[in-house]
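Working notes, structure below.
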Amino acid sequence: MTASSNPQPHSLRDRILDSFKTIFGNLGEFVERRPKSTIFLSILVSILFGLFAGGVQLETEGVDLWIPTSSQTYKNFLEYIEIFNSGNKLNFIMFIISAKDQSSVFTQDVLKDVMSVHKDLTENLKMADGSSFINHCLKATVANNGVESSCSARNFLEIFQYNSTMIPAAESDVLTQINLMNDISPISSSFGGVIYDPITGQVLSADPFPEKLNEKYPNLEMQRLTSQSFDAEVVKLVADDMPLFVGAIMIITVFLALTFGKLNANENRVLLAFVTIPQVILSILFATGVQGMFGAKISTLNFLIGFILAGVGVDDMIVVVEFYKRARLRNSPNVLSETLREAGLAVFLTSFTAVTAFMVGAFVDLPAVRSFCVCSGLAFGWNFLLNITFFPAFLLLDEARCGCMPCCGSREKQRSEFEVVDQTESETKGKQSELSVAERVFADVITPALSHSTAVQAFILFFLLLTSLLLLLYGIGIPVGLKVTDVIPDNSYAVTFFDTMDDKFRSQVKRTAITVKEVDYTSQADVENLTDFFSEVSNIPTAASNVGGVFGSWLTNYHDFMAVSHPTKSIYSQFGENWIEFLESSTCGGNSCAAYALDVSGSVADGKLITVETARFFYDDVTDVETAAVWKTYNKLEAIRMKYDVEGFFYTEVFLFAENDSLMFLYLFRSLGVTLGAIFLIMWCFCDVISAFYITVCVLCVDCNLLGLARFWDIQLNSVMFTCMLMSVGLSVDYCVHIAHAFVHAANKEDAEGRLREALSTLGPAVLKGGFTTLLGVCLLSGASSTVFRMFFALLFLTVIFGLLYGIVGLSVMLTLHMKLATLVSGFRERRELSYSEREEGDNKL
């Protein structure tokens with residue numbers, strides 16, 4: 001793009017553009033001839049696909065939403081639940097109980113009530129079908145493990161053998177037993193608000209511990225949380241915030257009704273504005289239906305697509321209306337055909353870039369992000385088709401109607417008035433005087449401010465680029481993570497539960513499983529190597545207990561049992577003998593050993609453990625709750641495992657989220673790089689290389705600003721922010737494309753300021769209006785009931801603000817500066833060539 005030369009009329013790019021314009025023009029002719037048929041077909045196809053919407057599945061499990069499916073920890077998770085949970089997802093039940101009078105829980109009366117609560121939960125409470133916890137709990141069975149065990153509901157009550165008569169009457173004796181337990185494994189995983197003696201370090205008292213039956217136990221204050229009830233709170237979030245979506249689309253509709261036309265009976269566009277509602281619904285219906293055809297899983301993030309589509313999707317409606325008005329002023333015989341020839345290409349570019357950004361996200365290895373991006377891409381793609389068929393058809397029908405009886409036919413009268421206007425210079429001046437207020441502001445105020453002084457332009461450009469760079473450098477330090485309370489309503493009881501956990505259970509002890517495979521337990525060398533491995537794991541700084549914990553592992557208990565009950569048998573060469581006898585005994589810390597059957601996966605026959613394919617051992621870890629520290633611990637554990645050449649893996653659910661967070665920056669920069677590259681190529685095909693480059697720079701600057709300000713607003717980098725960053729590329733490019741397209745194809749090819757005035761006066765108001773409608777679409781999310789939705793609003797708000805800033809200001813400065821520089825260079829070359837020719841001519845004369 002230079003100041004002195006126009007694009008070649010028969011270049012490949014021109015032929016591509018002409019082909020698209022022809023397609024859109026022919027489509028406009030069809031819609032103009034059959035508007036009602038177009039509307040009927042659009043609705044019919046949308047509904048036909050929408051019939052499959054019931055096939056989607058709402059997923060609420062965090063592991064299945066936010067964890068990369070190709071990560072090693074996720075593969076470990078799948079293998080773990082397949083081996084030890086029979087492939088079933090466990091529903092954890094947690095209770096926090098404290099004494100009503102806020103006294104210590106280490107008293108016989110409180111502990112007996114707690115023991116009774118435990119019995120009620122595990123034995124007495126019945127479901128509607130008469131079943132109880134015992135019928136649904138995880139436990140060993142004769143068919144699978146060779147022995148029947150009690151439910152796996154292990155907690156600190158195990159030290160009293162789940163027997164209230166074993167609880168000492170004296171508080172000092174209770175404290176003695178508690179301190180014996182604390183010496184082996186910290187009690188902070190079970191007790192909160194623990195008070196220690198400053199001299200001896202012994203436990204003196206505690207507040208609550210995890211196990212609600214408030215009505216039956218008036219002396220206790222209880223909170224509860226289960227996996228399934230947490231899932232229900234996630235679903236409740238959508239129901240609570242659904243009125244916000246209805247409110248957003250109504251606000252946009254009112255705004256469009258006020259701006260599409262004029263507030264009089266003849267020129268109002270109220271009915272046209274209401275087309276927004278069915279168009280957004282049909283787009284979402286189509287996208288969800290396509291996903292439902294494949295049984296796709298969706299998350300609560302998909303609920304936000306309605307807000308985005310309501311805010312962003314109508315931008316293209318505004319562009320179509322603006323081009324339609326211009327086509328009418330030119331008295332075109334085929335108004336809609338000419339409208340879509342011009343507007344169709346602009347709408348296609350913005351929609352295509354948005355869909356491209358979403359499609360890049362569709363290949364990201366994060367299920368929730370992938371589902372959201374696929375649905376968004378489908379919705380935006382279908383919305384584009386509706387914008388060039390469904391909406392123009394309604395535009396024609398609205399144009400054909402009479403505003404009211406006294407004014408009937410006045411629109412035709414207006415059209416005929418335009419036809420008799422002479423195509424003279426006076427007409428041009430007249431049309432200039434008919435510019436709207438917004439168009440005059442862009443033409444007479446903003447354009448001179450952005451293009452008159454080269455020094456001012458250089459300063460603006462320097463300031464924008466420097467700010468983006470500084471915010472990028474600041475944003476690199478953004479913390480990573482997604483709090484579990486961010487994805488549920490703020491008023492949820494689950495938030496209160498987790499707040500109590502954070503307040504009372506500060507040390508966050510995690511029970512970590514060590515899964516071991518391919519160990520020959522008949523080999524003393526292998527067992528000793530395993531013992532050394534466990535010993536080193538137990539000695540890492542974050543280990544809060546030995547491997548095996550308070551009551552030991554299945555292996556140590558089995559060896560102890562054999563040494564006492566069958567001293568003549570070798571614990572190595574005769575390993576597996578008397579296995580069922582061991583499980584049926586009560587030698588494991590005074591409790592039944594049957595629960596240990598769940599820790600071993602192998603074959604049992606004739607009372608013997610024939611083979612051990614996989615086994616698990618547990619230890620307590622007190623790593624900081626920050627996922628970076630958790631990931632460091634995981635890598636340290638893996639290094640130890642490899643050192644001893646032990647086949648297997650470490651598993652606790654927090655490891656999955658730690659690995660996800662460790663990969664977040666890689667995913668973010670890789671996806672943004674691919675998306676920006678794709679945007680550049682698309683713009684190169686439809687504009688020119690210079691415009692494509694500057695558009696890409698502007699979009700990159702928007703993302704740099706987002707990253708820095710997200711950190712400033714205490715937003716953490718997580719899957720939700722990752723989705724917004726990716727989406728911001730597709731949204732912010734919209735504001736740049738229209739300005740660049742108008743600048744490149746401006747009638748004034750020689751003057752940079754004239755080009756910019758034409759581009760900004762024609763499409764500047766439409767771009768600004770489109771950004772405003774996007775803000776209207778998402779503004780109500782600021783009052784959403786969850787942090788994650790409010791985070792979405794904040795990032796979309798920033799995307800619109802910076803998208804408009806760089807689209808209208810930044811890109812305008814870049815294009816005009818480039819044109820001035822090109823003119824300067826061209827002039828310098830011409831003077832140099834002239835000087836050279838003059839010298840050569842003088843030499844010839846000599």
Q | Note, Thr652 side chain near Asp621 side chain (heavy atom, < 4.5 Å) | A | no
Under the side-chain hydrogen bond (donor to acceptor under 3.5 Å, both in side chains) rule, collect the residues that match up with [X], sequence neighbours excluded.
{"X": "Thr611", "result": "Ser603"}
{"X": "Thr73", "result": "Glu659"}
{"X": "Thr568", "result": "none"}
{"X": "Ser786", "result": "none"}

**Q.** Evaluation steps, side-chain contact (heavy atoms from CB on, under 4.5 Å), between Thr614 and Thr515
**A.** CA-CA 7 Å; Thr614 309; Thr515 302; 3.3 Å; yes
Q. Is it the case that more than 12 heavy atoms not belonging to Phe669 sit under 6.0 Å from its CZ atom?
A. yes
Residues that [X] engages under side chain to side chain contact (heavy atoms under 4.5 Å, CB included), provided they are two or more places apart:
{"X": "Thr787", "answer": "Asp486, Asp490, Arg790"}
{"X": "Leu609", "answer": "Phe575, Trp579, Val600, Val604, Val612"}
{"X": "Ser535", "answer": "Asn539"}

Q.
Centroid separation under 6.0 Å, is that true for the rings of Trp554 and Phe617?
A. yes
Roughly how far apart are [X] [atom1] and [Y] [atom2], rounded to 0.5 Å?
{"X": "Thr60", "Y": "Leu65", "atom1": "OG1", "atom2": "CG", "result": "7.5 Å"}
{"X": "Ile476", "Y": "Ile478", "atom1": "CD1", "atom2": "CD1", "result": "9.5 Å"}
{"X": "Leu637", "Y": "Phe650", "atom1": "CG", "atom2": "CZ", "result": "4.5 Å"}
{"X": "Asp64", "Y": "Lys297", "atom1": "CG", "atom2": "NZ", "result": "5.5 Å"}
{"X": "Met562", "Y": "Thr587", "atom1": "CE", "atom2": "OG1", "result": "11.5 Å"}
{"X": "Tyr74", "Y": "Glu79", "atom1": "OH", "atom2": "CD", "result": "13.5 Å"}

Q) Do you know which two heavy atoms are closest between Lys636 and Pro541, and how far apart they sit? A) NZ-CD, 4.0 Å
Q.
Which residues pass the salt bridge (charged side-chain N to carboxylate O under 4.0 Å, His left out) test with Arg370, not counting sequence neighbours?
A. Asp365
Q) salt bridge (charged side-chain N to carboxylate O under 4.0 Å, His left out) with Glu536: which residues, sequence neighbours excluded? A) Lys643
**Q.** Those residues that, when tested against Tyr474, pass ring pair (Phe, Tyr, Trp, His ring centres under 6.0 Å) (two or more places apart)
**A.** none
Q) Quick check: does any side chain N or O of Glu82 sit under 3.5 Å from a backbone N or O of Leu78, one acting as donor and the other as acceptor? A) no
Q.
Test your reading of the model: is there a side-chain donor-acceptor pair from Asn578 to the backbone of Glu581, 3.5 Å cut-off?
A. no
Q: Mind jotting down which residue pairs meet the salt bridge (Lys or Arg N to Asp or Glu O under 4.0 Å) criterion with at least one end in residues 552-568? Sequence neighbours excluded, please.
A: none
Q | Qualifying salt bridge (Lys or Arg N to Asp or Glu O under 4.0 Å) pairs with a residue from residues 521-534, counting only residues at least two apart or across chains | A | none
Q | Intermediate values then yes/no, side-chain contact (heavy atoms from CB on, under 4.5 Å), Tyr596 and Cys588 | A | CA-CA 9 Å; Tyr596 283 120; Cys588 301; 3.5 Å; yes
